[in-house]
Amino acid sequence: MERKWEAKLKQIEERASRYERKPLSSVYRPRLSKPEEPPSIWKLFHRQTQAFNFVKSCKEDVHVFALEYKVGDGQRIYLVTTYAQLWFYYKSRKNLLHCYEVIPENAVCKLYFDLEFNKLANPEADGKKMVALLIEHVCKALQELYRVNCSAEDVFNLDSSTDEKFSRHLIFQLHDVAFKDNVHVGNFVRKILQPAFHLIASEDDDSISESTGHGFSHFPETPVKQRISFSKMSSDRDRGESQTQNSKERGRLGSAEQSSPDLSFLVVKNNTGEKHLFVDLGVYTRNRNFRLYKSSKIGKQVALEIAEDNRFFPKQSKTISEENQYFLSSLVSNVRFSDTLRILTCDTSQNKQKRVEYSNSTNTKGNIEGFHCSPYPEIDQFVLSLVNKNGIKGGIRHWSYFFPEELLVYDICKYRWCENIGRAHKSNNIMILVDLKNEVWYQKCHDPVCKAENFKSDCFPLPAEISLLFLFKEEEEFTAAETMNSDTKSPHKPPSGLLSEGAVSDADWDNGLDETDFVEAAEDAELAAAAEHGLLGYCSGEGEIPDELIVQVLQE
DNA sequence: CAGCGCTACCACACCCC
DNA sequence: GGTGTGGTAGCG
């Protein structure tokens, strides 16, 4: 949502400055293109958002490419055209020398890797062998996690190495299988490379050989650099998950084999001697520019060419040249549509947690926690009503839910009234505890004195409407969780316009709908159901709620 | 006239010991 | 010293 606002704002500002520079002529004359003209689409934009807006307005199957045009500062312009037309002008390699595919955010795409290491800093590294081992590991993971069969023959292997640098792009050509988008690809890649992270976390050089073969028992307590994307909030849970994942993997690989995949071959040194992974994890961001087959970086001579050890060979075609086939295969977001296309997803534990928070609590064994608002907005409302008294507007700083006890613990901010001392604490915050099992609430606090005597206020019954509502909501959430589950598990067809071969209809454009909206709509279904009862809570970013809304809820 | 999307890093505030 | 936050240089 925030992203959309930012993008919209940026667009508006951009438009404003454009009109200031070039005001509209007094008479606006729209022109129609001649119907007999062949469809030729070749449009350049200075701004990526403009390029994507044009793509959306286009009936044809067009795509955004980035062209480097100034040496040094990596400045790019954006080209919108079809794959066929780009290839027509591109194939001669006389112009368009520094082209990048823009892998659109939220677009279905292939599994891909950017691999590199400094040859001088890693004189003993055998790049080809490392690529082969990586492919093997990835194929195994695809089989284990998604039951997808593939081998090195399905991996288009492109080389862009120099004397100093070993550099490869791998683009997986899976049959009837693609990822939901490149962020999911990144999640998948990080997940399957997890065992390698602890190898680079340690400082001493001997740890590589030492730690291999010991399996996963030496996971570092602190998340290493690459895992920074996982939030602090979910790190414990995430660690737990990776452990179970690892033990599963251990089981599947069998006891005869090593207890865990040996990924030490992925560890390389950069030119300052620091340990890094052979796999570049920085290429799975939104609208990532990925260099095209036969393109070079501006200012450099080396283009991406088919690697010596490439084992992928496209199908022979009478209408499409072999080179064109390779070109099309190299495009990450060129996913062939089929009725049996499977879309793979890989959420981070952060995203998973979001789902868990709003789904049936019995699905999860561990306790959950969060900030500002819990999965029970009505209870949040009630708690907020308790801490909004005498002109003091308290808020929810943090909440935790303990499953066995069915206990919601709210850390309150700003409001510090303590029943124990009969006044507000000066520097310590209080807690409100909601016991869902016994349908009561009570107060405790962080004050050391109160803590020492294990102070707990009297229990007060929860309002009947909250207890009742809780029962209702549990039922709704159960069904909602079920639907969500089947949705994510079963391979589903994305809405048309999402696939690279489908065009976005004008209707979609007018509605401003995109794939994210569909997903959000589905996830909000249960909240919408709650809203129908007129009791849905309301949470601002600050955890503060308009008074009139609280009143409304309490009256009901 | 005009790139984009991050992350790593730093400075700083705040809190609690 | 631990932890959160806000701003930014610089990387991919």
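Chain naming here is simple, since letters A, B, ... match the order of the sequence lines and numbering starts at 1 in each. These values consider heavy atoms only, across backbone and side chains, with no hydrogens, waters or symmetry-generated copies.
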Inset, instruction - Check every atom of B:dA2, B:dG5, B:dG3 against the side chain of A:Gln75 and return the nucleotide holding the closest atom. - result: B:dG3
Legend entry - Nearest-nucleotide comparison on DNA chain B, the residue closer to the 5′ end among A:Lys70 and A:Arg288: A:Lys70
Inset, instruction - Please find out if less than 6.0 Å separates the ring center of A:Phe52 from that of A:Tyr78. - result: no
Inset, instruction - May I ask you to evaluate whether A:Asn287 reaches the phosphate of B:dC4, defined as a side-chain N or O under 4.0 Å from OP1 or OP2? - result: no
Inset, instruction - Could you please spell out the steps behind the ring-ring contact (aromatic ring centres under 6.0 Å, His included) verdict for A:Tyr112 and A:Phe290? - result: CA-CA 10 Å; A:Tyr112 64 101; A:Phe290 210 52; 4.9 Å; yes
Inset, instruction - Please work out if A:Arg47 contacts a base, only the sugar-phosphate, or nothing of the nucleic acid, heavy-atom cut-off 4.0 Å. - result: sugar-phosphate
Inset, instruction - Would you please test A:Ser160 and A:Arg168 for side chain to side chain donor-acceptor pair (under 3.5 Å) and show each step? - result: CA-CA 6 Å; A:Ser160 190; A:Arg168 294 288 176 98; over 6 Å; no
Inset, instruction - Considering just the side-chain nitrogens and oxygens of A:Gln50, establish if one lies under 4.0 Å of OP1 or OP2 belonging to B:dA2. - result: no
Inset, instruction - Answer yes or no: does a side-chain N or O of A:Arg286 lie under 4.0 Å from OP1 or OP2 of B:dC6? - result: yes
Legend entry - Euclidean distance, atom CG of residue A:Asp280 to atom P of B:dG5 [Å, nearest integer]: 18 Å
Inset, instruction - Specify the residue among A:Tyr284 and A:Asn289 whose closest nucleotide of DNA chain B lies further upstream toward the 5′ end. - result: A:Asn289
Legend entry - Listed partners of A:Arg76 passing side-chain hydrogen bond (donor to acceptor under 3.5 Å, both in side chains), at least two apart: A:Glu68, A:Asn289
Inset, instruction - Kindly say if A:Arg76 contacts the phosphate of B:dC4, meaning a side-chain N or O under 4.0 Å from OP1 or OP2. - result: no
Inset, instruction - Please state the C1' separation for the pair B:dG3 and C:dG10 - nearest whole angstrom. - result: 15 Å
